[in-house]
Amino acid sequence: CTVLQNDWGTAPACAFEADGCMVIMLPGPPLECEPLLRTDRHVMELHAPEIVRTVRAIRDHLGAKRAVIALKKHYEGAMAALSAAEDGSNRVMLLERQGRVGRKLLATGNGRCNLTNLGADASRYHGAAPEFVKPALERFGVQRTLDYFRALGLLTVAEADGKVYPLSDQASSVLDVLRFAVELRGVTVVPSCDVIEVKKKARGYEAVSATGEKYFGDKLIVCCGGCAGKRLGGVKSGYFLLGQLGHSCTALYPCLTQIETDPTWVKALKGVRADCHVALRRGGRVIQETAGELQFTEFGVSGPVAFELSRAASTGGEGLTLVLDLFRDYPAEALAAFLRERRERFPQLPAEELFSGSLQSRLGKTVLKRAGIAMAEPLGSVGDARIDDLCKLVKAFPLNVTGVKGFDNAQVTVGGVSVSEFRADTLESRIAPGVFAAGEVLDIDGDCGGFNLQWAWSSGYVAGKLGKGGEDA
């Protein structure tokens with residue numbers, strides 16, 4: 001509420017609403033604007049009783065609209081605000097922690113924004129209760145998400161593996177249509193607003209920023225995301241804020257990130273890419289396996305395969321090993337026959353050329369070095385037994401896991417606020433009625449490939465309906 005004094009002499013007090021704020025004009029000499037706390041009590045205590053009737057009249061007018069605060073640090077916050085704004089009885093305020101909206105969205109998919117995946121269903125999600133995602137995905141699934149964005153003006157294209165990207169191949173296109181929609185729907189955006197406290201009031205909730213501003217909402221939607229990607233705004237505030245209202249949080253781990261290994265054999269391979277099958281093992285047991293592109297780094301491995309295995313590597317504890325099959329399309333017998341034939345055809349070639357034409361040069365030489373074969377040794381002198389040993393090594397090239405890159409490098413957080421404390425159909429808190437949560441702040445994470453963004457859209461949309469469970473589905 002902002003109170004101004006004017007120089008209209010005996011002109012009566014008047015009030016109006018501007019940009020979501022109550023403005024009261026009082027008779028008297030002109031003074032500087034005096035911002036007040038947004039409560040009737042302060043207006044009545046600090047100003048003449050003659051304005052009380054005006055204040056109450058404004059409150060009666062605004063009371064016809066429900067105040068909704070969305071705490072946003074992630075993309076699901078924009079979706080939640082848009083969803084809430086579809087109901088004309090809501091006045092929606094989006095409190096954005098960062099000065100620049102959407103930094104993390106711009107970084108997704110290497111700047112392309114893999115905004116969903118055609119194969120998104122509950123089987124692609126994880127957490128203590130992954131089935132929690134079903135109602136939201138059924139209500140606002142992939143096709144409805146694509147239709148929604150198309151209505152905002154975004155054209156998309158799906159790749160063979162189901163990943164969906166903007167036709168422009170630019171993440172900024174997704175951010176642009178969301179930003180335009182937020183403006184068009186009349187959502188009030190407050191940038192650089194770092195909310196550090198939420199309080200239950202007699203009616204609704206109060207959010208307090210780090211600089212002392214206070215915001216009231218009849219309903220509160222927490223879309224603060226997780227602590228992954230700290231350089232792009234990932235923080236733990238969502239967990240703390242919901243904790244202030246009585247919610248509990250699981251252990252947190254970085255996910256969709258690079259895997260660290262013993263550097264002995266990878267350091268020299270920095271930047272080398274390989275198409276391979278990779279199994280994450282503990283002893284003789286396979287924890288998880290996948291296939292695709294792997295990139296070696298000075299500290300371990302990266303790329304799509306590493307990201308896919310990073311959840312299990314992050315949460316699996318010690319004693320894990322990555323086992324790489326560098327010739328995944330060739331059985332061991334066929335590979336051995338190929339190498340023997342090469343040896344017979346080129347017996348005078350140095351051994352360092354054995355894998356020329358089949359493996360990247362540095363990778364082939366690293367395999368030979370690990371097998372104890374001298375680079376200058378003639379191929380003709382490499383016997384069948386050593387050929388068989390080489391085949392075993394390239395079909396099961398082991399790298400001992402030492403950990404994963406931390407939250408600074410991660411794209412997603414494993415863990416979050418317990419979903420047992422929320423209703424799956426509306427995402428409303430069972431502990432604090434009128435509070436909703438969406439996205440990564442909850443104990444839900446998806447596979448690599450657009451699944452986490454789909455959860456952001458689905459959960460944000462459902463949370464924004466403020467308890468209207470499926471009525472518009």
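This one's a predicted model, so the numbers in the text were calculated from it and none came from an experiment.
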For a side-chain hydrogen bond (donor to acceptor under 3.5 Å, both in side chains) check, start with the C-alpha distance between Ser172 and Gln170, then their side-chain angles and the critical distance, and finish with the verdict. CA-CA 5 Å; Ser172 58; Gln170 297 292 318; 4.5 Å; no
Are Lys405 and Phe299 in a cation-pi setup, meaning NZ or CZ lies under 6.0 angstrom from the ring centre and within 45 degrees of the ring axis? yes
Please report the closest heavy-atom contact between Ala274 and Leu326, naming both atoms and the distance. CB-CD2, 4.5 Å
Which donor-acceptor pairs under 3.5 Å do side chains of residues 312-321 form with protein atoms, sequence neighbours excluded?
{"from": "Ser314", "atom 1": "OG", "to": "Pro254", "atom 2": "O", "distance (Å)": "2.9"}
{"from": "Thr315", "atom 1": "OG1", "to": "Arg311", "atom 2": "O", "distance (Å)": "2.9"}
{"from": "Thr321", "atom 1": "OG1", "to": "Asn400", "atom 2": "OD1", "distance (Å)": "3.4"}

Run the salt bridge (Lys or Arg N to Asp or Glu O under 4.0 Å) check on Arg112 and Glu159 step by step: do they pass? CA-CA 13 Å; Arg112 299 174 61 203; Glu159 298 187 343; 2.8 Å; yes
Going from CD on Glu421 to CD1 on Ile431, what distance comes out if it is rounded to the nearest 0.5 angstrom? 4.0 Å
Backbone of Val92 reached by a side-chain donor or acceptor of Asn90 within 3.5 Å: no
Let's go through Tyr215 and Val195 carefully: what are the C-alpha distance in whole Å and the side-chain angles of both, what is the deciding distance for side-chain contact (heavy atoms from CB on, under 4.5 Å) to 0.1 Å, and is it a yes or a no? CA-CA 10 Å; Tyr215 305 88; Val195 175; 5.7 Å; no
Donor-acceptor check, side chain of Ser310 to backbone of Gln258, threshold 3.5 angstrom: yes or no? no
Which of parallel (below 30°), tilted (30 to 60°) and perpendicular (above 60°) describes Tyr148 and Tyr461? perpendicular
Using the rule side chain to side chain contact (heavy atoms under 4.5 Å, CB included), only one of Cys276, Ser302, Pro304 pairs with Leu294; which is it? Cys276
Measure the spacing between CG of Leu167 and OG of Ser173 and express it to the nearest 0.5 Å. 8.5 Å
Testing Ile69, Val222, Leu71, Val208 for side chain to side chain contact (heavy atoms under 4.5 Å, CB included) with Val198, which one passes? Leu71
Taking Glu293 for the side chain and Arg273 for the main chain, is one N or O donor matched with an acceptor at less than 3.5 Å? no
In the structure I gave you, are the side-chain heavy atoms of Glu213 and Val190 within less than 4.5 Å of one another anywhere? no
So which atom in Gly439 and which in Trp455 form the shortest heavy-atom distance, rounded to 0.1 Å? O-NE1, 3.1 Å
Given side-chain hydrogen bond (donor to acceptor under 3.5 Å, both in side chains), test Glu76 with Ser459 step by step and report yes or no. CA-CA 7 Å; Glu76 57 266 26; Ser459 61; over 6 Å; no
What distance do Phe240 atom CZ and Leu245 atom CG have between them, rounded to the nearest 0.5 Å? 14.0 Å
Heavy-atom donor-acceptor pair, Lys465 side chain to Ser83 backbone, under 3.5 Å: yes
Quick one: does Val182's side chain get under 4.5 Å of Leu82's, heavy atoms only? yes
Carefully, step by step, assess Phe422 and Phe132 under the rule side-chain contact (heavy atoms from CB on, under 4.5 Å). CA-CA 9 Å; Phe422 288 82; Phe132 181 83; 4.0 Å; yes
Smallest heavy-atom separation, Thr413 atom then Glu440 atom, equals N-OE2, 2.6 Å
Is there a donor-acceptor contact under 3.5 Å from the side chain of Asn452 to the main chain of Gln454? no
Contact check, side chains of Leu118 and Val164, non-hydrogen atoms, under 4.5 Å: yes
Distance-minimising heavy-atom pair for Ile444 and Pro130: CD1-CA, 4.2 Å
Closest heavy-atom pair and its distance - Cys113, Pro166: O-CD, 3.2 Å
Donor-acceptor under 3.5 Å (Glu197 side chain, Glu206 main chain): no
Is the shortest side-chain N to carboxylate O distance from Arg66 to Asp218 below 4.0 Å? no
Going from CG on Asp176 to CG on Leu152, what distance comes out if it is rounded to the nearest 0.5 angstrom? 11.5 Å
For the pair Arg144 (side chain) and Arg139 (backbone), establish whether a donor and an acceptor sit closer than 3.5 Å, ignoring hydrogens and angles. yes
What verdict does the side-chain contact (heavy atoms from CB on, under 4.5 Å) test give for His126 and Val414, after you've listed the backbone C-alpha separation in whole Å, the side-chain angles of each residue and the deciding distance to 0.1 Å? CA-CA 8 Å; His126 314 280; Val414 171; over 6 Å; no
Around Arg150, counting heavy atoms of other residues, nucleotides and ligands shown, do more than 12 lie under 6.0 Å from its CZ? no
Hey, is the main chain of Gly416 close enough, under 3.5 Å, to the side chain of Thr250 for a donor-acceptor pair? yes
Cationic tip of Lys200 within the cone over Tyr205's six-membered ring, i.e. under 6.0 Å and within 45° of the normal? yes
Could you check if a side-chain atom of Phe149 sits within less than 4.5 angstrom of a side-chain atom of Thr116, using non-hydrogen atoms only? no
With heavy-atom distances below 4.5 Å as the criterion, would you say the side chains of Leu241 and Val435 are in contact? no
For the residue pair Phe296 and Leu399, establish whether any side-chain heavy-atom pair is separated by less than 4.5 Å. yes
Taking all non-hydrogen atoms of both residues into account, name the closest pair between Cys193 and Ser209 and its distance. SG-CB, 3.9 Å
Measuring from Leu256:CG to Asp445:CG, what's the distance to the nearest 0.5 Å? 7.5 Å
Indicate yes or no for a side-chain donor-acceptor contact from Trp457 to the backbone of Phe140 under 3.5 Å, with no hydrogens or angles considered. no
Tell me, with the steps shown, if His247 and Ser429 meet side-chain contact (heavy atoms from CB on, under 4.5 Å). CA-CA 9 Å; His247 284 281; Ser429 169; 2.7 Å; yes
Let me confirm one number: the OH-SG distance from Tyr253 to Cys227, rounded to the nearest 0.5 Å. 12.0 Å
Examine distances only and state if a side-chain atom of Glu289 and a backbone atom of Leu280 form a donor-acceptor pair shorter than 3.5 Å. no
